[in-house]
Participant: 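Next up is a structure, given as structure tokens.
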Amino acid sequence: MEKKWWHGKTAYQIYPKSFYDTNGDGIGDLRGIIEKLDYLQELGIEILWISPVYLSPFADQGYDIADYCAIDPIFGNMEDMEQLLKEAKARGIAVLMDLVVNHCSDEHPWFVEACRDPEGPYGKYFYLRQVKDGKLPCNWRSYFGGPVWERIGETDWYYLHVFHKKQPDLNWENPELRQEIYRMMNWWLDKGLAGFRIDAIINIKKPLPFKDYPADREDGLCDMGTVLKDAQGIMEFLDEMRDQTFALHNAFSVGEVFNNKQEELPDFIGDQGCFSSIFDFSQTVEGKSPRGWYDSRVPGPDDYKRCCFESQRKSEGIGFFSNIIENHDEPRGVSYYLPDYAQNPMGKKLLAAMYFMLKGLPFIYQGQEIGMENMAFSSIEEIDDVNSRCEYQVCLDAGLNREEALKVVSLYSRDNARTPFQWDDSANGGFTEGTPWLGVNPNYREINVQSQEKDPDSILSFYKQMIRLRKDPQWKETIVYGETVPLMEEVSGLMAYLRRGREREILVLGNFNPKELSVPAGQSMEEGQILLNNAESLDIQGGNISLKPLQAVVLGIMHKNNG
Ligand code: GLC
Ligand code: CA
């Protein structure tokens, strides 16, 4: 594998609306990010992904862009953005923005113009079709519910939107549109952006011409996941994008790619791949039902382990996945993957260590580093997210009552991760002096940065330790490039793996069980150096390691011969 500048770094995702508000309007802003750069530097972050801050009507929280080259006034202005890039650079932090180019906003001038003149040049930037007999061009279901086709005013023209109806899909088959997008990307990269996180990218290639698929629910529609399996030729677009943008700037790119197949992985993340990396979503999709959240199952520790190991095997020798336990589209990882008995600081550190030591680029989502948890929503009115509201309706349609539906939605809702960041124990967790746009989790009094900063045993301190370890000249090479070798996979509740480097090895052990677990210790383990431990001690005796409930330990081992 070719070495790249971003290997070995630790990345952090900011959801700007909920990070830090500096002007009291209840909404996080760019100046808020600038103010907290020292915090991020101190944590050890070297790559920062900022969710969309472009001009937007916020039908999908900024993932509906009305102007790719303007900052939305709720976040600040272009000077703030430029200052952020400069200040981040001064602290050794590379900034990524979100690239949302499967669709734009229906308020983008391209779409406004397309509606005015569907047969004109901007009509070809979108998928517009005339519907004469009431029969839509295809029966695909949008991700946020209902058909993907929406009528343009009183005309007989319809447009395609695979997400919200305020997010019309851009027509990637049109070379002019593609050039327009590459120009915009280069404009940002020239400004000093280090790269992009690329949103929903698998959707840019549709199977054409439009046709119906077998319906998979009562609504007579078909899930986009099924539809997209039929799409051929996305790599031509993605390779072109790489050649005309990222490659010219040595930029970093991480794709939001779901359901990638083993044989495609080299095309995505190999040395000649279209992206630097893609997210590993295998654990987030585990247990999800095509029928909706009400029919889904939350993965347990053994599922979690299996998903991680499968991805490690898939990517070995090919490239790097980007590893996460949560993001702005997922519930909080500690509330989701950990059994009830493990939802405490020790369990949170255990989960953290297990994913952090995997091969790949670790991403931390804001608040994860202090163990922020899901929100206890008491009514659907407290949830803002379009997707959650859609799934709530799906629950009701399936016959659940309101209480049951709220319970389901609370478990999976994207708003769990979108509640404001908890900085201290003052009002609103120190996030804003005004009224926060989304309710703050009441547990901010216990879970906040201020209370953890000075505590060497806090979750925050544990994250700092892990990040420091990734940078430690002695262990860096092994952590970044070492082969992942799963161990004792059949032992339930145990997650154990080696990271095998040329001269050193790292052994990672985690006990997800509520009771002690004894594992045979090879001689090398007994000679290992404890690099990380979420318990006070490590019990090695008579050839066995006895792991306490929820204990996670990372041992560093030097190979004998190279000593
Ligand atoms: C991605 C984003 C999500 C958004 C969707 C549509 O999945 O992460 O937040 O709703 O794309 O842009
Ligand atoms: Ca603000």
Participant: Does Asn102 use its side chain to pair, donor to acceptor, with the backbone of Asp199 at less than 3.5 Å?
Facilitator: no
Participant: Is the closest side-chain heavy-atom distance between Ile364 and Tyr355 below 4.5 Å?
Facilitator: yes
Participant: So, do Tyr125 and Trp172 have ring centers that fall under 6.0 Å from each other?
Facilitator: no
Participant: Indicate whether any N or O donor in one side chain lies under 3.5 Å from an N or O acceptor in the other, for Ser296 and Ser289.
Facilitator: no
Participant: If the threshold is 4.0 Å, N to carboxylate O, is there a salt bridge linking Glu286 and Arg306?
Facilitator: yes
Participant: Run the ring pair (Phe, Tyr, Trp, His ring centres under 6.0 Å) test against Phe258 and tell me which residues pass, sequence neighbours left out.
Facilitator: Phe281
Participant: So Tyr497 and Phe309, do their side chains get closer than 4.5 Å, heavy atoms only?
Facilitator: yes
Participant: Hey, do the aromatic rings of Phe19 and Phe421 have their centres closer than 6.0 Å?
Facilitator: yes
Participant: For Lys206 and Asp169, run salt bridge (charged side-chain N to carboxylate O under 4.0 Å, His left out): C-alpha distance rounded to whole Å, both residues' side-chain angles, the deciding distance at 0.1 Å, then the answer.
Facilitator: CA-CA 10 Å; Lys206 300 6 182 196; Asp169 280 53; 2.6 Å; yes
Participant: Tell me, yes or no, whether the heavy-atom count around Gln262 atom CD, taken from other residues, nucleotides or ligands under 6.0 Å, exceeds 12.
Facilitator: yes
Participant: For residues Phe252 and Trp5, determine if any side-chain heavy atom of one lies less than 4.5 Å from a side-chain heavy atom of the other.
Facilitator: yes
Participant: Among Arg178, Met185, Arg183, which residue meets the side-chain contact (heavy atoms from CB on, under 4.5 Å) test with Ile181?
Facilitator: Met185
Participant: Rounded to the nearest 0.5 Å, what separation is found between the CG atom of Asn416 and the CG atom of Asn374?
Facilitator: 3.5 Å
Participant: Would you kindly say whether Asp64 and Ser56 are connected by a side-chain donor-acceptor distance under 3.5 Å?
Facilitator: yes
Participant: Report yes if the side chains of Lys359 and Ser315 come closer than 4.5 Å at any heavy-atom pair, otherwise no.
Facilitator: no
Participant: Scan side-chain atoms only and decide if Asp21 and Thr432 contain a donor-acceptor pair under the 3.5 Å cut-off.
Facilitator: yes
Participant: With distance as the sole criterion, is a donor-acceptor pair present between the side chains of Tyr213 and Asp230 under 3.5 Å?
Facilitator: yes
Participant: Output, in order, the C-alpha distance, side-chain angles, deciding distance and verdict of side-chain hydrogen bond (donor to acceptor under 3.5 Å, both in side chains) for Lys314 and Asn260.
Facilitator: CA-CA 10 Å; Lys314 260 170 108 172; Asn260 57 85; 3.2 Å; yes
Participant: Could you check whether Tyr63 and Phe163 have their ring centres less than 6.0 Å apart?
Facilitator: no
Participant: On a heavy-atom basis, which atom in Gly439 and which in Met375 lie closest, and how many Å separate them?
Facilitator: O-CE, 3.8 Å
Participant: Work out which heavy atom in Tyr412 is nearest to a heavy atom in Arg297; give both atom names and the distance.
Facilitator: OH-N, 3.6 Å
Participant: Does the side chain of Asp384 come under 3.5 Å of the side chain of Gln61 through a donor N or O and an acceptor N or O?
Facilitator: yes
Participant: Measure from the ring center of Trp188 to the ring center of Tyr182 and say whether it is less than 6.0 Å.
Facilitator: no
Participant: side-chain contact (heavy atoms from CB on, under 4.5 Å), that's the test. Do Ser142 and Val148 meet it? Break it down for me.
Facilitator: CA-CA 5 Å; Ser142 100; Val148 293; 4.0 Å; yes
Participant: Could you give me the CA-CA distance, side-chain angles and deciding distance for Glu107 and Lys166, then say whether side-chain contact (heavy atoms from CB on, under 4.5 Å) is met?
Facilitator: CA-CA 8 Å; Glu107 296 180 31; Lys166 282 184 71 65; 2.8 Å; yes
Participant: So does Glu176 have more than 12 non-hydrogen atoms from other groups sitting under 6.0 Å from CD?
Facilitator: no
Participant: In terms of relative ring orientation, are Phe246 and Phe196 parallel, tilted or perpendicular, with 30° and 60° separating the classes?
Facilitator: tilted
Participant: Would you say Tyr336's side chain and Glu326's backbone share a donor-acceptor pair under 3.5 angstrom?
Facilitator: no
Participant: Give, for atom CE of Met184 and atom SG of Cys69, the distance between the pair rounded to the nearest 0.5 Å.
Facilitator: 6.5 Å
Participant: Measuring only between side-chain heavy atoms, which start at C-beta, is Phe58 closer than 4.5 Å to Asp60?
Facilitator: no
Participant: Could you check Asp385 against Arg418 for side-chain contact (heavy atoms from CB on, under 4.5 Å), going step by step and ending with a plain yes or no?
Facilitator: CA-CA 9 Å; Asp385 169 38; Arg418 297 178 181 187; 3.8 Å; yes
Participant: Kindly compute the distance separating CD (Glu382) from OG1 (Thr419), expressed to the nearest 0.5 Å.
Facilitator: 11.5 Å
Participant: Can a side-chain donor-acceptor contact be found between Tyr143 and Asn203 if the only test is distance below 3.5 angstrom?
Facilitator: yes
Participant: Show your reasoning for whether salt bridge (charged side-chain N to carboxylate O under 4.0 Å, His left out) applies to Lys261 and Glu264.
Facilitator: CA-CA 5 Å; Lys261 299 185 204 81; Glu264 298 168 344; 3.3 Å; yes
Participant: Do other residues, nucleotides or ligands put more than 12 heavy atoms under 6.0 Å from the NZ atom of Lys191?
Facilitator: yes
Participant: Could you tell me whether the side chains of Asp397 and Gln393 share a donor-acceptor contact shorter than 3.5 Å?
Facilitator: yes
Participant: Once rounded to the nearest 0.5 Å, what's the spacing between atom CD1 of Ile325 and atom CZ of Phe356?
Facilitator: 10.5 Å
Participant: Kindly state whether the ring of Phe111 and the ring of Phe126 have centres lying under 6.0 angstrom apart.
Facilitator: yes
Participant: Side-chain donor-acceptor pair under 3.5 Å between Ser311 and Asp280, yes or no?
Facilitator: yes
Participant: Specify whether Trp110 and Tyr68 have parallel, tilted or perpendicular ring planes, treating 30° as the upper limit for parallel and 60° as the lower limit for perpendicular.
Facilitator: tilted
Participant: Tell me if a side-chain donor or acceptor on Asn174 pairs with a main-chain N or O of Lys124 at a distance below 3.5 Å.
Facilitator: yes
Participant: Kindly indicate whether the side chain of Glu404, heavy atoms from C-beta on, has any atom under 4.5 Å from the side chain of Lys407.
Facilitator: no
Participant: For Asp106 and His161, does a side-chain donor sit closer than 3.5 Å to a side-chain acceptor?
Facilitator: no
Participant: In terms of ring plane angle, is the pair Tyr15 and Trp437 parallel, tilted or perpendicular, where the classes change at 30° and 60°?
Facilitator: tilted
Participant: So among Trp49, Phe321, Phe268, which one has a ring pair (Phe, Tyr, Trp, His ring centres under 6.0 Å) with Phe279?
Facilitator: Trp49
Participant: Ring centroids only, cut at 6.0 angstrom: are Tyr54 and Phe75 within range, meaning strictly under it?
Facilitator: no
Participant: Give, for atom CZ of Arg151 and atom CG of Leu136, the distance between the pair rounded to the nearest 0.5 Å.
Facilitator: 11.0 Å
Participant: Using a distance-only test with no angle check, is there a side-chain donor-acceptor pair under 3.5 angstrom linking Ser51 and Gln13?
Facilitator: yes
Participant: Does the side chain of Asp267 reach to within under 4.5 Å of the side chain of Gln272, using non-hydrogen atoms?
Facilitator: no
Participant: Nearest 0.5 Å, what's the CG-OG distance between Leu411 and Ser335?
Facilitator: 9.0 Å
